[in-house]
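Presented below is the structure to which this report refers.
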Amino acid sequence: MTDTNQRPDNSGDHSAAETLPTQYTPAEVEGPLYERWVERGYFEADAKSDKPPYTIVIPPPNVTGSLHLGHAFEHTIIDSLTRRKRMQGYEVLWQPGMDHAGIATQNVVERELAKEGKSRHDLGREAFVEKVWQWKAESGGQISGQMRRLGDGVDWSRERFTMDEGLSQAVQTIFKKLYDDELIYRAERIINWCPRCLTAISDIEVEYQDDDGELVSIRYGSEADGVVVATTRAETMLGDTAVAVHPDDERYRHLVGTEIELPLTGRRIPIVADAHVDPEFGTGAVKVTPAHDPNDFEIGRRHDLPSITVLDEHGVITVHGPFLGLDRFEARSTIVGALRAEGRIVAEKRPYTHSVGHCSRCKTTIEPRLSLQWWVKVGPLAQAAGDAVRDGRVQIHPKEMESRYFGWVDNLHDWCISRQLWWGHRIPVWYGPNGEVVCVGPDDEIPTGEGWTQDTDVLDTWFSSGLWPFSTLGWPEQTPSLEKFFPTSVLVTGYDILFFWVARMMMFGLYAMDGTPPFHTIALHGMVRDQFGKKMSKSFGNAVNPLDWMDAYGSDAVRFTLARGANPGTDVPIGEDWVQGSRNFCNKVWNATRFALMNGATLDGPLPAAEELTAADRWILSRLNATVAEVDALYDDYQFAKLSDALFHFAWDEVFDWYVELSKATLIAGGPQAEATRRVLGEVLEVTLRLLHPVIPFVTDTLWTTLTGRESVVVADWPVADAARRDVAAEREIETLQQVVTEIRRFRADQGLNPGQKVPAQLDLTGTALTAHEAALRSVAKLQPAGDGFHATATLPVAGAIVALDLSGTIDVVAERKRLAKDLATAEKELAQARAKLANDAFLAKAAPAAVEKIHARQAKAESDITRLTAQLAALPEA
RNA sequence: GGGCGCAUAGCUCAGUGGUAGAGCGCUGCUCUUACAAAGCAGAUGUCGCUGGUUCGAAACCAGCUGUGCCCACCA
């Protein structure tokens with residue numbers, strides 16, 4: 001784990017400890033530290049560098065938004081990945097930027113206008129768009145401020161916005177290319193219309209939920225030869241142009257080809273036979289409204305039926321007559337009333353729960369509507385997007401998510417990309433006075449002259465974000481950055497936008513970049529939830545502003561808590577108590593460093609050879625290198641929860657508790673041994689800080705610079721595991737020591753002794769691995785030398801060592817006898833189980849050797865426990 | 001309707017065949033000079049139910065129950 005950076009002379013400055021207060025105060029450190037990182041250019045990515053590239057593009061947040069815990073979570077993952085790679089010597093680019101988020105942003109600004117009693121139409125298109133830009137200028141800085149608070153190591157000099165000049169050019173370029181390749185076309189179809197947002201939306205922007213509706217049965221035609229149809233949307237009957245039945249349905253066969261009277265309208269409509277109709281459902285006869293239902297539209301096409309639009313863009317009835325001007329829901333009940341008056345309702349309304357589409361932006365019930373829109377023909381694009389994952393060029397983590405991905409790209413309908421909005425990339429198509437249609441590329445001349453107008457629609461916001469991995473790098477220009485940093489390394493995002501964003505990037509990326517996928521790994525994370533696993537929402541009152549927690553506990557604490565919850569692809573619960581726990585951990589790191597500095601931990605000179613070190617030193621170096629290897633493997637597998645947990649336990653339990661305690665005796669004793677330990681203490685701490693840095697950057701950098709006197713851990717080298725420092729013997733030795741110490745402590749606790757109270761003790765360590773550890777053992781277990789008049793009142797044989805304690809007059813024999821008896825019973829039971837197992841021939845024949853070995857070990861341990869406990873019992877004085 | 005997942009300590013979750021784990025919470029004792037945002041010790045689980053495979057199942061298989069998510073043109 002050599003650090004190749006130069007070691008300055010002032011490392012391990014003892015006086016530094018006095019400058020460290022006893023508690024870590026994040027608020028004083030984080031802000032200035034972040035600005036220093038940025039000023040020094042640590043996060044700037046150099047396209048001319050000859051280091052290997054590592055690129056992650058930020059999932060661009062909505063420009064109007066503010067950061068929530070979900071962002072904090074995602075950014076913690078990305079920041080950890082990129083910080084580690086930077087330390088490993090990669091040329092790292094974390095590409096920042098924001099999304100114009102068409103419909104969402106337009107809604108926000110419209111709401112602002114509404115407060116002044118205005119609508120966007122009062123301003124007009126140009127002034128409204130100007131207003132949105134203004135709004136962006138005011139609120140766009142909010143997110144970058146929050147990202148700085150979080151410590152995000154992004155290259156701010158490369159910040160991009162989906163409506164930037166360059167990115168707009170990318171949009172226009174690919175639109176033109178798709179148009180020329182006939183992968184973009186304009187067609188009239190049934191689309192999902194939001195009567196509140198007044199725009200078409202794509203299929204995935206529709207959220208289906210079970211709504212309570214009413215199914216009414218209406219008789220069409222005369223009483224004698226009528227047909228009964230059932231519907232939940234009675235108002236659409238005004239637009240019916242047929243009744244459909246199944247071709248094989250005997251009940252209706254004689255009616256096919258005849259006409260029937262459509263109630264309330266005086267119109268006569270045909271009865272057609274169509275295989276789409278399910279004869280088992282309802283009456284087996286379906287009303288057909290081609291202008292307001294996707295299935296009916298298809299039936300209409302097959303039977304050459306006319307389409308009659310009966311609802312306008314607001315969902316208001318447009319057909320002349322008694323229902324003109326009624327809202328769709330009003331019209332529904334009014335029309336049912338009118339039908340009932342005519343005796344057309346044959347079965348009363350019955351409650352019916354069915355799946356109804358809602359606008360994902362405003363929750364308004366979607367109205368399917370016939371409309372002329374622009375479409376992307378996704379067939380070939382989706383095929384390529386699916387193949388790239390199928391053939392392994394792109395990997396999805398966790399793998400279970402692949403089936404979802406395939407299910408989508410393999411069953412995709414064409415993508416409706418035009419939006420009747422004002423905020424977004426305007427469709428680059430111009431219409432001439434004589435019906436000419438011209439798609440304009442970035443280098444083309446815009447047609448001028450009388451009668452030429454541009455399409456008024458804008459593109460779906462996901463159209464431009466689908467280009468993000470290369471548009472941000474300058475595409476369509478062949479920039480050095482594009483050359484250096486594309487394709488990106490890994491995409492980190494939530495599984496909730498797998499279809500919205502990831503799949504679109506795959507389709508557009510493969511198409512635009514000649515078959516090169518935009519990233520080779522997709523790492524999907526879950527959603528942040530509250531401490532009970534409930535979804536966070538403002539209305540439920542459990543939403544948390546991450547800034548509040550960062551203010552109270554520090555950014556590192558929030559980051560560490562999120563990282564510890566980050567099991568791949570699963571949701572992440574987080575609660576304030578847990579953030580406190582992480583804050584405590586940061587403080588622990590702080591104080592451990594304080595201890596090290598106060599005790600002269602040093603980085604001067606080479607790390608002493610194993611022969612010059614105590615077992616504790618060799619043990620902690622062994623564990624350190626094991627941890628480096630473990631953490632590395634977990635990083636490469638995107639296992640943030642596990643690697644954070646490994647770091648937590650290594651740092652706190654092994655370094656900060658055991659090693660620090662064990663080293664105290666050595667340090668106090670002084671001499672060459674103490675010198676070696678000071679060096680090891682410095683080494684272990686320094687490497688641990690480097691290991692922790694990607695997850696908790698602020699506290700580690702503060703401490704690391706203090707400890708080393710060097711510039712910053714941000715640009716230090718990532719630790720490399722050194723197998724030569726692994727020391728199984730030392731690990732065994734220290735494990736034994738821990739066992740003995742724990743047994744003594746337990747005895748002391750049972751006897752109600754103060755933890756700090758020194759107890760006279762005689763130690764007999766002959767024949768054990770602990771002969772060299774008497775000082776450490778006495779120090780950690782608070783045992784003082786046996787002086788004159790020592791009288792052993794308790795004897796603890798543990799692991800071959802015999803510890804005699806003088807507790808004259810204070811020992812609680814009854815309690816101890818009880819505890820020992822209980823433990824003895826447990827050990828005997830254990831021994832019996834192990835023996836039974838070893839007497840089982842089937843087990844011995846089939847079990848793996850390691851398993852058998854384990855049982856032998858269990859038996860041995862039970863036997864030695866019995867010996868020890870029996871001896872302890874015998875050694876107890878009479879009650 | 002189809003698909004995928006989950007059910008383990010009070011809570012949130014790890015644990016893909018060999019004696020049940022973590023964090024937080026809980027109990028007791030301590031301000032033992034790095035840290036009380038701490039230290040030490042401790043308690044707590046028929047691993048959803050029922051069968052099956054196996055010498056051995058929390059883990060593998062089947063069914064059941066509960067629960068979550070995704071998809072779908074259920075008039």
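Per chain, numbering begins at 1; letters A, B, ... match sequence-line order.
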S355(A) has a side chain; which of A72(B), A75(B), A34(B) sits nearest to it?
A72(B)

Distance below 4.0 Å between R748(A) side-chain N/O and C40(B) OP1 or OP2
no

Please give the nucleotide sitting opposite A43(B) as a Watson-Crick or G-U wobble pair, both distances under 3.5 Å, or none.
none

Axial cation check for W658(A) ring with R745(A), 6.0 Å and 45° limits
yes

Under a plain distance cut-off of 3.5 Å, with no hydrogens placed, do N591(A) and Y24(A) share a side-chain donor-acceptor pair?
no

Answer yes if the ring centres of W652(A) and F648(A) are under 6.0 angstrom apart, and no otherwise.
yes

Taking atom P in both C40(B) and C6(B), compute the distance separating them and give it to the nearest angstrom.
36 Å

Side chain to side chain, T236(A) and R332(A), heavy atoms closer than 4.5 Å:
no

Reading RNA chain B from 5' onward, which residue's closest nucleotide shows up sooner: D750(A) or V660(A)?
V660(A)

If we take the C1' atom in both G45(B) and C29(B), what is their distance in whole Å?
27 Å

What's the separation between atom CH2 in W375(A) and atom NE2 in H413(A), rounded to the nearest 0.5 Å?
10.5 Å

Mind checking the P distance from G63(B) to G2(B)? Whole angstroms is fine.
14 Å

Rounded distance in Å - CZ (R404(A)) to P (C70(B))
7 Å

Please work out if V288(A) contacts a base, only the sugar-phosphate, or nothing of the nucleic acid, heavy-atom cut-off 4.0 Å.
nothing

Whole-Å distance between U12(B) P and M536(A) CE?
14 Å

Base, sugar-phosphate, or nothing: which does R583(A) touch, judged by heavy atoms less than 4.0 Å apart?
base

Compare the minimum distances between each of A75(B), C70(B), A34(B) and the side chain of V277(A), then state the nucleotide with the smallest one.
A75(B)

In whole Å, what separates the P atom of A58(B) from that of U50(B)?
13 Å

Which nucleotide wins on minimum distance to the side chain of A842(A), given the candidates A34(B), C13(B), C55(B)?
C55(B)

Just call it for P573(A): base, sugar-phosphate, or nothing, with non-hydrogen atoms closer than 4.0 Å on any strand.
sugar-phosphate

Given C69(B), A34(B), G39(B), which nucleotide is nearest the side-chain atoms of F595(A)?
A34(B)

Mind checking if D296(A) touches a base, just sugar-phosphate, or nothing, with heavy atoms under 4.0 Å?
nothing

For a 4.5 angstrom cut-off between non-hydrogen side-chain atoms, does W193(A) reach I366(A)?
no

State the pairing partner of U33(B); accept Watson-Crick or G-U wobble contacts with both distances under 3.5 Å, and report none otherwise.
none

Nucleotide forming a Watson-Crick or wobble pair with C74(B), both distances under 3.5 Å:
none

How would you label the contact of A285(A) with the nucleic acid (heavy atoms, under 4.0 Å): base, sugar-phosphate, or nothing?
base

In whole angstrom, give me the gap between the C1' atoms of C47(B) and G21(B).
11 Å

Considering every strand and a 4.0 Å limit on heavy-atom distances, what is the contact class for F532(A): base, sugar-phosphate, or nothing?
sugar-phosphate

Taking CE from M401(A) and C1' from C70(B), how many angstroms apart are they, rounded to a whole number?
9 Å

Rounded distance in Å - CD (Q209(A)) to P (G68(B)):
15 Å

Using the C1' atom in both, what is the distance from A57(B) to U46(B), to the nearest Å?
14 Å

By nearest nucleotide on RNA chain B, pick out whichever of T570(A) and G756(A) is the more 5' one.
T570(A)

Is the Y495(A) to H525(A) ring centre distance short of 6.0 Å?
no

Q23(A) side chain, from C-beta outward: closest of C35(B), A37(B), C29(B):
A37(B)

Rounded distance (Å) that lies between atom C1' of U67(B) and atom NZ of K534(A)
11 Å

In whole angstrom, what separates I744(A)'s CD1 from C40(B)'s P?
15 Å

Which value, in whole Å, describes the distance between the C1' atoms of nucleotides U16(B) and U30(B)?
43 Å

Whole angstrom is fine here: how far is it from OH in Y495(A) over to P in C70(B)?
7 Å

Which one, G39(B), C13(B), C35(B), comes nearest to the side chain of N567(A)?
C13(B)

Counting primed atoms plus P, OP1 and OP2 as sugar-phosphate and everything else as base, spell out the protein contacts along nucleotides 16-28 of chain B at 4.0 Å heavy-atom distance: B, S or - for each nucleotide, 5' to 3'.
--BB--SSS----

Within the structure shown, what part of the strands sits under 4.0 Å from E402(A) by heavy-atom distance: base, sugar-phosphate, or nothing?
nothing

With a non-hydrogen cut-off below 4.0 angstrom, is K399(A) in contact with a base, only sugar-phosphate, or nothing?
nothing

Using 4.0 Å as the upper bound for N to carboxylate O, is an ion pair formed by R583(A) and D556(A)?
no

Select base, sugar-phosphate, or nothing to describe what G554(A) touches, counting heavy atoms under 4.0 Å on all strands.
nothing

Donor-acceptor side-chain pairing of E205(A) and S202(A) below 3.5 angstrom
yes

Mind checking who C4(B) pairs with, Watson-Crick or G-U wobble, both distances under 3.5 Å?
G68(B)

R529(A) side chain near M536(A) side chain, heavy-atom distance below 4.5 Å:
no

Looking at every strand, decide which applies to H413(A) at a 4.0 Å heavy-atom threshold: base, sugar-phosphate, or nothing.
sugar-phosphate

In Watson-Crick or G-U wobble terms, both distances under 3.5 Å, what is the partner of A62(B)?
U50(B)

Whole Å only: how far is the CG atom of L685(A) from the P atom of C35(B)?
16 Å

Is a donor from one side chain sitting under 3.5 angstrom from an acceptor on the other, for W704(A) and E686(A)?
yes

What's the gap between G23(B) and U33(B) when it is taken at their C1' atoms, as a whole Å value?
30 Å

